[in-house]
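Taking it in order: structure first as structure tokens, then the write-up.
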Amino acid sequence: MRGSPTDPSPSARHRRARRTAGAVASAALLLPLLGAAPYDGGADGRASASSGQLPSGKLQNAFADAADEYDVPQSVLLAVSYLQSRWDAHDGAPSVTGGYGPMHLTDARTAIARTVAPHHSDGTEDARGDESRDALLPDTKARSAKTSDTTVPENDRLPARLKTLTKAAALTGVPAERLRTDPAANVAGGAALLAAAQKQLGEPLTDDAADWYGAVARYSGADDTATAATYADDVFDVIRRGERRTTDSGQRITLGAQPRLRAETAQVRTAGLRAPAAGATECPATVSCEWIPAPYEEFGDGDYGNHDLGDRPKSQSIKYIVVHDTEGAWDGVLDMVQDPTYVSWQYTLRSTDGHIAQHVKAKDVAWHAGNWYINAKSIGLEHEGFLTAPDTWYTEAMYRSSARLVTYLSKKYGIPLDRQHILGHDTVPGTTTATIPGMHTDPGPYWDWQHYFALLGKPLRATAGPKGGLVTIAPDYATNKPVFTGCVTAGEPCAAHGSSAVRLYTEPREDAPLVKDIGLRPGGGDSTTGVNDLGSRVSTGQRYAVAGRDGDWTAIWYLGQKAWFKNPAKQPTAVNAAGAVITPKAGLTDIPVYGRAYPEKEAYPEGVPVQTVSPLPYKLLAGQKYAAGDKVPGEYFYAPTFDTTPHRVVRGSDMYYEIQFGHRVAFVRAADVRVMPSA
């Protein structure tokens, strides 16, 4: 039988009898309970050997102890932690929104003070990427100042969702620094917050997880019922399904499944949260979504912004979803997308709870990818985060919310769930030779594509045997830690971190030169290990044609050359795949490569200026093979004016194949190639 606030369950009374008076333990009593050394006053926000490392297998015990101490069901505590961090401690580093430890206790003020603002690639990208109008180059310095402001705000100016660690410190009496760096203390802090939320709701501290729905909703930090309920639904889904995983510090954690658990969902109505914002959004029912529109407005000299009206998919198909990161915090980013002089994208996703804001309807064309052909046929998703900050991390709540949105959009518009259709901004090609160096490089090497595709229901697995002619890049994210430089200071090593990226060499050895990218460096300069340098690396989920094998090394065709990556059988960085490949037609020594699939000049009607079919500086040589994607007609969306009357979709008879050519996708004319099985 379930208890009540005035008649707690026997188990709850028994546990409380063993505690000191009141619901909050003192630091002196709590620290021995956690089995950790006294706080050492470390100043860099990282766990030291004496304060932050638990012996192998002890984190599971820490969850049990904290659940017992604060009368929180262990399943609830484990599931909340899983949804935030997948039980990882991240060596005491904060998430992109200042969340620390397995429970993602937020301390944004401290995180901002300790973090150097990261940045996109050094290039200046025309987000619109349409040569029929002037380049759109908004003031990136102003954007950086607004979205990556390192001014430290006072706590009373921060939303509650960004300062839960401060409250946990008050509830437990444990120093804030310890809550940031000690995983066991962090778990206890999360348990204290859940117990406090349960009491505020007037609910009993029972052993029945079903009674904790409202408290979990409050734990999300969301201020509206829809977001809080979606978060709680996710937590209870984790409990029903169960999870097991080895964390980033080698801790093996298990949460047993409770498939018949039913939550008291009505509790969210008494949680004191606002009603969700009104607005017709295009989101699945499984996420929390609000309408915050990007403006379609005229301003000065006949200019307008910050997107174009369209009629997709009736007028032209939607073939791509582009994953971005915001390079700034939620509130600042929302300010920017509501600026008519700035750029736009369809959706922004929040780190703390996975909440989504939609800004541009799917039928309309946002200015986000730096390539007008891709913009006209894509939907852009911005995720709260930073490309060059491996010390920060993306929450599981945001990954899951994004995966649900992408799955929904995939079904609605028939977009295949693979890396030739689910693009990173870093895999969108430049439109012309001149634009290549300025193309953006987010979400970068620290976005976990392996996990993302598992959440999409399309895990990256081998689809062919050893003689398969293709490979899918698929390193183990946690253990794959290539060296990068320039995250904070040019030339200086970035912090070691799990990565989706694999580096490419000219020969099958790690001391060989890196492969070169003549598009990035027309003078033939060397590629580097810079975090924004895409000239010599591939990314998880991408498929390439095999060009050779040598022991632990595999070669692929890449930017017109043979490129080698280490791929040992005992710790592979790629799996074998099958599929179609393209190669130049017989008799052709090389063929041009394009950054967009535009129509031939004869296809343009009167009044629509012909767009140049401009090849990139690369050549696809005879004998080389590349993974083939869709076969598509040349297509151009003419939309240079605020008035939509002259807008046209021009479609030609020339056909193209999308291919995986380098780090970015590219296009070749179907008339230039033949298609064959990869094996």
Approximate separation, where rounding is to 0.5 Å, of E510 CD and D552 CG: 10.0 Å
Say you draw a straight line from CD1 of I422 to OG1 of T427; how long is it, rounded to the nearest 0.5 Å? 10.0 Å
If you round to the nearest 0.5 Å, how far is CG of L514 from CG of D526? 8.0 Å
Taking atom types as modelled, is there a side-chain donor on E327 or H440 under 3.5 Å from an acceptor on the other? no
For the atom pair CD (Q358) and OH (Y347), what is the distance rounded to the nearest 0.5 Å? 4.0 Å
Closest heavy-atom pair and its distance - V323, P443: O-CD, 3.4 Å
Using the side-chain contact (heavy atoms from CB on, under 4.5 Å) rule, take H368 and H425 through it: C-alpha gap first, then chi angles, then the decisive distance, then the call. CA-CA 9 Å; H368 63 98; H425 195 172; over 6 Å; no
Say whether, by atom type as modelled, one donor and one acceptor occur between the side chain of Q624 and the main chain of W557 under 3.5 angstrom. no
On the 0 to 90° scale, with breaks at 30° and 60°, tag the Y452-W449 ring pair as parallel, tilted or perpendicular. perpendicular
Any carboxylate oxygen within less than 4.0 angstrom of a Lys/Arg side-chain nitrogen, looking at R596 and E635? no
Any side-chain heavy atom of D590 sitting closer than 4.5 Å to one from L620? no
Residue pair D364 / Q346: nearest heavy atoms and the distance that separates them: O-NE2, 3.2 Å
Between K458 and D418, does any NZ, NE, NH1 or NH2 come within less than 4.0 Å of an OD or OE carboxylate oxygen? no
Start with the C-alpha distance between R674 and I582, add both sets of side-chain angles, then the distance that settles side-chain contact (heavy atoms from CB on, under 4.5 Å), and finish with yes or no. CA-CA 6 Å; R674 59 192 178 101; I582 63 95; over 6 Å; no
Which label fits Y446 and F484: parallel for a plane angle under 30°, tilted from 30 to 60°, or perpendicular past 60°? perpendicular
Greater than 12 external heavy atoms within 6.0 Å of D311's CG: yes
Please tell me if the side chains of H663 and R537 come closer than 4.5 Å, counting only heavy atoms from C-beta onward. yes
Do L504 and I556 come close enough that some side-chain heavy atom pair is under 4.5 Å? yes
Any side-chain heavy atom of V668 sitting closer than 4.5 Å to one from I591? yes
Which atom of S317 lies closest to which atom of K377, heavy atoms considered: OG-NZ, 3.0 Å
Evaluate whether atom CD of Q571 has more than 12 neighbouring non-hydrogen atoms of other residues, nucleotides or ligands under 6.0 angstrom away. no
side-chain contact (heavy atoms from CB on, under 4.5 Å) assessment of D325 paired with F386: CA-CA 6 Å; D325 71 51; F386 300 103; 5.6 Å; no
To check you understand the geometry: which heavy-atom pair defines the closest contact between G519 and P437, and what is its length? O-CG, 3.9 Å
Compute whether any side-chain donor of one residue and acceptor of the other, for Y656 and E658, lie under 3.5 angstrom apart. no
Are R521 and D533 close enough for a salt bridge, meaning some N to O gap below 4.0 Å? yes
Just by modelled atom types, is the A555 backbone N or O under 3.5 Å from a matching donor or acceptor in the R549 side chain? no
Is N567 reaching over with its side chain to a backbone N or O of P572, donor-acceptor style, under 3.5 angstrom? no
Going from CD on E382 to OG on S344, what distance comes out if it is rounded to the nearest 0.5 angstrom? 10.0 Å
Do the non-hydrogen side-chain atoms of M655 and V632 ever get within less than 4.5 Å of each other? no
Look at atom NZ of K631 and say whether more than 12 heavy atoms of other residues, nucleotides or ligands are closer to it than 6.0 Å. no
Closer than 3.5 angstrom, by distance alone: can the side chain of D126 be matched with the main-chain N or O of G370 as a donor-acceptor pair? no
Anything under 30° is parallel, anything over 60° is perpendicular, the rest tilted; go ahead and classify Y604 against Y636. tilted
Should the pair R133 and W372 be classed as cation-pi, given the thresholds of under 6.0 Å to the six-membered ring centre and 45° from the axis? yes
Main chain of P293, side chain of H359: is a donor-acceptor contact present, judged purely on distance under 3.5 Å? no
Report yes if the distance between the aromatic ring centroids of F667 and Y657 is under 6.0 Å, otherwise no. no
Okay, side chain of D442, backbone of G444: is any donor-acceptor separation there less than 3.5 Å? no
Residue pair Q660, V665: steps toward the side-chain contact (heavy atoms from CB on, under 4.5 Å) verdict: CA-CA 5 Å; Q660 187 65 62; V665 299; 3.8 Å; yes
For residues S402 and L381, determine if any side-chain heavy atom of one lies less than 4.5 Å from a side-chain heavy atom of the other. yes
Taking the inter-plane angle between the rings of H307 and Y296 on a 0 to 90° scale, is it parallel (under 30°), tilted (30 to 60°) or perpendicular (over 60°)? tilted
Restricting to non-hydrogen atoms, name the atom on S499 and the atom on P475 that form the minimum distance, rounded to 0.1 Å. O-CG, 4.3 Å
Flag for S614-T432: side-chain donor and acceptor within less than 3.5 Å: no
May I have the step-by-step check of salt bridge (Lys or Arg N to Asp or Glu O under 4.0 Å) for K585 and D672, ending in yes or no? CA-CA 6 Å; K585 280 188 173 177; D672 292 338; over 6 Å; no
Closest approach of Y618 to D517 (non-hydrogen atoms, all atoms of both residues): OH-OD1, 2.7 Å
Pick one: which of H383, H324, H497 meets ring-ring contact (aromatic ring centres under 6.0 Å, His included) with W447? H383
Atom pair OG1 (T554) and NZ (K566), whose distance is rounded to the nearest 0.5 Å: 12.0 Å
Counting C-beta onward and ignoring hydrogens, is there a side-chain heavy-atom pair between I473 and T573 closer than 4.5 Å? no
What I want to find out is whether R664 reaches D426 closely enough, with some N-O distance under 4.0 Å, to be called a salt bridge. no
Side chain T435, main chain T431, donor-acceptor under 3.5 Å: yes
Any donor and acceptor pair, going by atom type alone, linking the side chain of E507 with main-chain N or O of A512 inside 3.5 Å? no
Any side-chain to backbone donor/acceptor pair from Y320 onto I415? Under 3.5 Å, distance only. no
Would you confirm whether K516, through its side chain, and G524, through its main-chain N or O, come within 3.5 Å as a donor-acceptor pair? yes
Partners passing side-chain contact (heavy atoms from CB on, under 4.5 Å) against K601 (at least two apart in sequence or in another chain): V610
Any side-chain heavy-atom pair from T589 and K619 closer than 4.5 angstrom? no
Look at the rings of Y505 and W553 and say which category their plane angle falls in: under 30° parallel, 30 to 60° tilted, over 60° perpendicular. perpendicular
Less than 6.0 angstrom separating the ring centers of H451 and Y399, yes or no? yes
